[in-house]
Amino acid sequence: MGSVVMEPEDIATYAGESTALKNFTTICTSVGRITSDGVFFRDNPLHYSVPLLLLQLSLCSAIILLFVKAFKPLGQPILLSQILSGLLLGPSILGRFKKFTGTLFPLRSFVVLDTLSTFGYIFYFFLIGAQVDPFLVKKVGKRSFLVGVSAVIVAMILSLSCTFLISNIVKVDERIAKTLPVVALTESVLSFPVVVQYLSELSIINSEFGRVAMSSAIVSNLLGFLLVTPTIILHETPAGKQEWVSTLSNGALLAAVVVFVIRPLILWIVKRSPEGQPLNEELIYSVFVLVLLMGFISQAAGLHIYYGPLVLGIALPPGPPLASSLIEKLDYITHWLFMPLYFIKNGLVINIFAVGSKNYMVLQLIIGVAFFGRFLGAFLASLFTNLPIKDAAALGLVMTAQGLIELGMFKMMRKAKAIGSEAFVVMCASMLIVTAAVTPLIRLLYDPSHRFQVYKRRSVMHLRLDAELRVLVCVHDQDNVPTTINVLEAINSSKRSPMSVSVLHLVELAGRATPLFITHKKTKKSSSNSSHSEPIIKAFRHYEESNNGLVSLHPFTLISSYSTMHDDVCEVALDMKTNLVVIPFHKKYFNHGDLMSAKKNIRTLNKDVLEKAPCSVAILVDKGLLTSSRPVLNSWSAFRVAVLFLGGRDDREALAIGMRAATHENVHLTMFRLVENGNVSSDDLMDKKLDNAMLSEFRDSVTGNHKVKYIEEVVMDGSGTIAVVRSMEEAFELIIVGHRHDEHSQLMMGLLDWNETSELGTIGDILASSDFRGHSTVLVIQQQFQVTPNSKDQTPNATQKHFDTRGDATSEEADDVPIQNAHFYHAK
């Protein structure tokens with residue numbers, strides 16, 4: 001027989017209030033009843049621990065996934081689904097049916113449920129620590145500091161004041177009266193990791209708003225930790241100051257051992273590992289064992305079992321190679337195997353009907369005042385630092401976020417006898433209510449896409465002929481570099497119109513909680529986070545130097561999640577006043593043009609950039625031809641470029657880029673114009689006028705240039721368009737085409753079903769397909785969506801001239817900082 005000591009409150013709540021169980025604190029289970037012979041041998045699998053555990057795990061995960069699916073249209077975070085799943089299976093709803101509970105969640109199963117959920121929570125705390133960079137505290141600005149402190153202090157003052165008034169005005173139970181100050185204190189603080197996860201689920205973590213919220217949460221988290229920790233320790237060590245000092249001493253000693261002994265040892269082992277190679281599996285699994293050992297030492301030293309794993313996680317360096325490898329191994333098993341059991345186990349001991357109405361109202365009032373205090377403190381501090389009222393209100397609502405860490409803190413407070421079972425239930429219910437109410441309000445108040453809407457023309461077509469062309473180049477890896485440099489060389493910089501190139505190396509976020517934005521400066525030594533970007537930066541530096549001052553380079557590295565990376569790309573484009581964003585296609589090809597690989601997350605990134613970019617966008621399809629590391633136009637006597645013109649704003653933008661390329665001494669440009677029955681393919685009279693005006697400008701600009709050809713093809717339907725495209729196979733090194741075309745045009749008849757990749761459009765998809773036998777690099781252009789105060793997409797009239805989009809670009813002062821600026825962008 002084996003036994004596990006459980007919390008008596010959990011057992012009493014779950015098993016009921018029968019006299020026999022009031023003093024029952026231990027559950028025993030038979031070692032021999034683990035696996036079943038099966039129903040075919042007339043054996044009930046639910047009488048054995050392993051089959052029962054598998055059924056419980058399946059049921060928990062399935063219910064959570066169903067709730068996630070149901071709440072997805074409402075944009076609710078996953079925490080809501082997890083807590084609701086626990087409540088559904090607990091005594092509040094389905095657990096009220098004794099047959100259901102006795103069959104699927106018998107009391108004896110609590111041994112396994114408690115053990116696995118504890119393992120999950122240990123690793124969850126370790127993962128939180130592994131993703132947190134403690135040095136972020138040094139980079140907190142004045143605004144974030146003021147917002148973070150105000151949120152906690154105002155909430156504390158209001159909730160404690162309300163507690164004092166209620167205790168003197170309303171007659172409440174003595175046990176509830178003792179609980180109220182602790183409830184007020186606990187509900188006044190918040191945790192940084194929860195805010196980060198919340199912002200990620202709302203897809204606003206990479207916005208300026210999200211960065212201020214994260215920085216403010218760091219301050220609030222530290223302040224709350226200093227306030228709540230003594231409360232827990234005092235309740236867990238009621239014997240006196242001596243045990244309190246002993247507990248603090250043990251915690252400090254354990255932290256010192258981790259920081260000054262374990263951390264240097266692990267870093268030494270990591271540095272000895274071959275660079276660019278996966279870490280030794282033995283090291284990773286040794287860290288897993290160390291996590292469990294730290295939990296044991298914490299418990300043995302009188303600390304909480306989660307303290308050691310959390311400190312160990314914080315001590316490890318965030319990001320690759322170590323933290324990212326650990327998270328890759330632990331993330332799914334922790335969040336989708338252990339943690340569903342944790343939520344269900346908690347739900348099984350939460351009975352909302354066991355709370356008296358009067359006690360519920362008193363506790364809910366204190367909790368509500370604390371939530372309001374957090375909102376009010378952050379809101380007033382935000383207004384004081386000149387944030388717009390909507391952003392200030394949304395920031396205040398974010399500062400009320402609660403999550404799994406708060407749930408664990410409530411459990412610790414109850415175990416320490418700082419709060420009672422009724423207070424625990426009400427606090428969990430309040431978390432559910434506030435999360436469900438606040439999330440849609442934040443989405444209503446703050447739309448991150450609005451900050452990318454600009455009312456100036458930022459495109460190549462609308463750039464003055466003597467203005468600097470500003471290009472933002474996105475690169476995923478070194479394979480993207482040669483072709484990208486060759487295309488930049490083809491676009492051509494000159495004394496009259498030089499080029500400013502911002503290079504953004506996009507790296508997937510792994511092993512850290514917050515995105516990182518790194519500015520590369522010639523005078524600064526590269527940091528460990530940016531070492532993998534050095535070969536890419538060197539190649540673009542060489543390109544800059546070879547152009548004798550006609551190209552200025554601004555290199556950056558962005559470490560972020562692909563789900564929100566488009567926000568950073570658009571923000572850099574907005575900040576640098578970019579005219580054109582160049583981003584690689586999501587598919588890679590062999591040198592002979594066959595498909596090598598495709599990445600879905602990059603495809604999603606490209607689609608989001610196309611939808612939200614504040615300027616024109618070019619998708620670069622590399623089919624393996626321009627692979628030389630040198631700019632090709634320095635080595636090719638005739639670099640053949642084609643522009644395919646069907647009509648429309650995107651094709652006009654493509655032609656504008658072709659006109660710049662035609663000014664290069666080695667470029668031979670061919671412009672194919674497709675017309676149907678002798679007419680320009682557009683039913684829109686305004687589009688016809690704009691197309692004709694652009695073509696007239698093209699003719700004027702290339703007059704006398706013998707390297708430019710103009711070919712006009714009469715096409716009857718889509719098959720004729722395909723024939724023209726086929727004629728370009730193997731004939732050009734670079735083909736430039738527009739993204740969107742008139743679907744009702746005869747030129748597109750029968751081609752709409754061809755479009756498999758919406759990021760390229762129909763014609764671009766044909767050129768990028770393996771059926772197109774050419775090895776040409778393809779540049780698919782989408783002109784900027786212009787936004788005006790009265791229209792979301794307004795086409796300029798025929799007499800509208802080029803706009804000047806020049807402006808001073810800004811960059812981060814720090815060499816290696818989290819994405820965190822002191823202002824919000826507002827389009828003007």
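For the single chain, residues carry numbers from 1 onward in sequence order.
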Is a donor on one side and an acceptor on the other found under 3.5 Å between the side chain of Gln784 and the backbone of Arg458? yes

Using atom types as modelled and distance alone, determine if a side-chain donor or acceptor of Arg470 lies under 3.5 Å from a backbone N or O of Ser500. no

Run the side-chain contact (heavy atoms from CB on, under 4.5 Å) check on Arg541 and Leu553 step by step: do they pass? CA-CA 7 Å; Arg541 290 284 187 201; Leu553 186 68; 3.9 Å; yes

Under the criterion side-chain contact (heavy atoms from CB on, under 4.5 Å), I'd like the reasoning laid out for Ser727 against Glu713: C-alpha separation, chi angles, the key distance, then a yes or no. CA-CA 11 Å; Ser727 69; Glu713 297 278 359; 5.7 Å; no

Quick one: pull up NZ in Lys577 and OG in Ser502 and give me the separation to the nearest 0.5 Å. 11.5 Å

With the side chain counted from C-beta on, respond yes when Glu733 and Thr777 share a heavy-atom pair under 4.5 Å apart, and no when they do not. no

Does the side chain of Val725 come within less than 4.5 Å of Phe672's, by heavy atoms? no

Val473 vs Val487 side-chain heavy atoms within contact, under 4.5 Å: no

Interatomic distance, His668 atom NE2 to His706 atom NE2 [nearest 0.5 angstrom]: 6.0 Å

By ring-ring contact (aromatic ring centres under 6.0 Å, His included), His741 pairs with (sequence neighbours left out) none

Less than 4.5 Å apart, any side-chain heavy atom of Leu465 and any of Ser497? no

Heavy atoms of Pro584 and Cys474 approach each other most closely as CD-O, 3.1 Å

Using a 3.5 Å distance criterion without hydrogens, assess whether the side chain of Asp391 forms a donor-acceptor pair with backbone atoms of Leu387. no

Would you say that Ile491 contacts Ile657 through its side chain, given a criterion of any heavy-atom pair below 4.5 Å between the two side chains? yes

With a 4.5 Å heavy-atom cut-off, do Asn547 and Glu489 have their side chains touching? yes

Indicate yes or no: does Lys607 engage Glu759 in a salt bridge with an N to O separation below 4.0 Å. no

Is the ring pair Tyr710/Phe698 parallel, tilted or perpendicular, if the boundaries are 30 and 60 degrees? tilted

ring-ring contact (aromatic ring centres under 6.0 Å, His included) partners of Tyr562, counting only residues at least two apart: none

Note, Met671 side chain near Val708 side chain (heavy atom, < 4.5 Å): no

List the atom of Lys707, the atom of Ala662, and the distance in Å for their closest heavy-atom pair. NZ-O, 3.7 Å

Just do the side-chain contact (heavy atoms from CB on, under 4.5 Å) check on Leu695 and Leu655 with the steps written out, would you? CA-CA 9 Å; Leu695 289 167; Leu655 184 55; 4.0 Å; yes

Which pair of heavy atoms, one from Thr483 and one from Leu620, lies closest together, and at what distance? CG2-CD2, 4.0 Å

Main-chain N/O of Arg740 paired to Asp650 side chain as donor or acceptor, under 3.5 Å: yes

Donor-acceptor contact present, side-chain Asn606 to main-chain Ile619, <3.5 Å: no

Measure the CZ-NZ distance between Arg640 and Lys709 for me, rounded to the nearest 0.5 Å. 10.0 Å

Considering all heavy atoms, the nearest Leu605-His566 contact: CD1-N, 3.4 Å

Given side chains that start at C-beta, do those of Met694 and Leu690 come closer than 4.5 Å, heavy atoms only? no

On a heavy-atom basis, which atom in His520 and which in Glu534 lie closest, and how many Å separate them? ND1-OE2, 3.9 Å

First locate atom CG of Leu674, then atom CD1 of Ile763, and finally report the distance between them rounded to the nearest 0.5 Å. 8.0 Å

Closest non-hydrogen atom pair between Val551 and Val501, with its separation: CG1-CG2, 3.9 Å

Between Asp651 and Gly738 (side chain of the first, backbone of the second, donor and acceptor by atom type, cut-off under 3.5 Å), is there such a pair? yes

Ignoring hydrogens and angles, tell me if any N or O in the side chain of Asp466 forms a donor-acceptor pair with the backbone of Arg496 under 3.5 Å. no

Would you please test Gln783 and His462 for side-chain contact (heavy atoms from CB on, under 4.5 Å) and show each step? CA-CA 10 Å; Gln783 192 179 74; His462 296 90; 3.8 Å; yes

Looking only at atom types and distance, does a side-chain atom of Asp575 sit under 3.5 Å from a main-chain N or O of Glu571, one as donor and one as acceptor? no

With rounding to the nearest 0.5 Å, note down the distance linking CE in Met461 to CG in Leu580. 14.5 Å

Rounded to the nearest 0.5 Å, what separates atom CG in Leu767 from atom CZ in Arg726? 9.5 Å

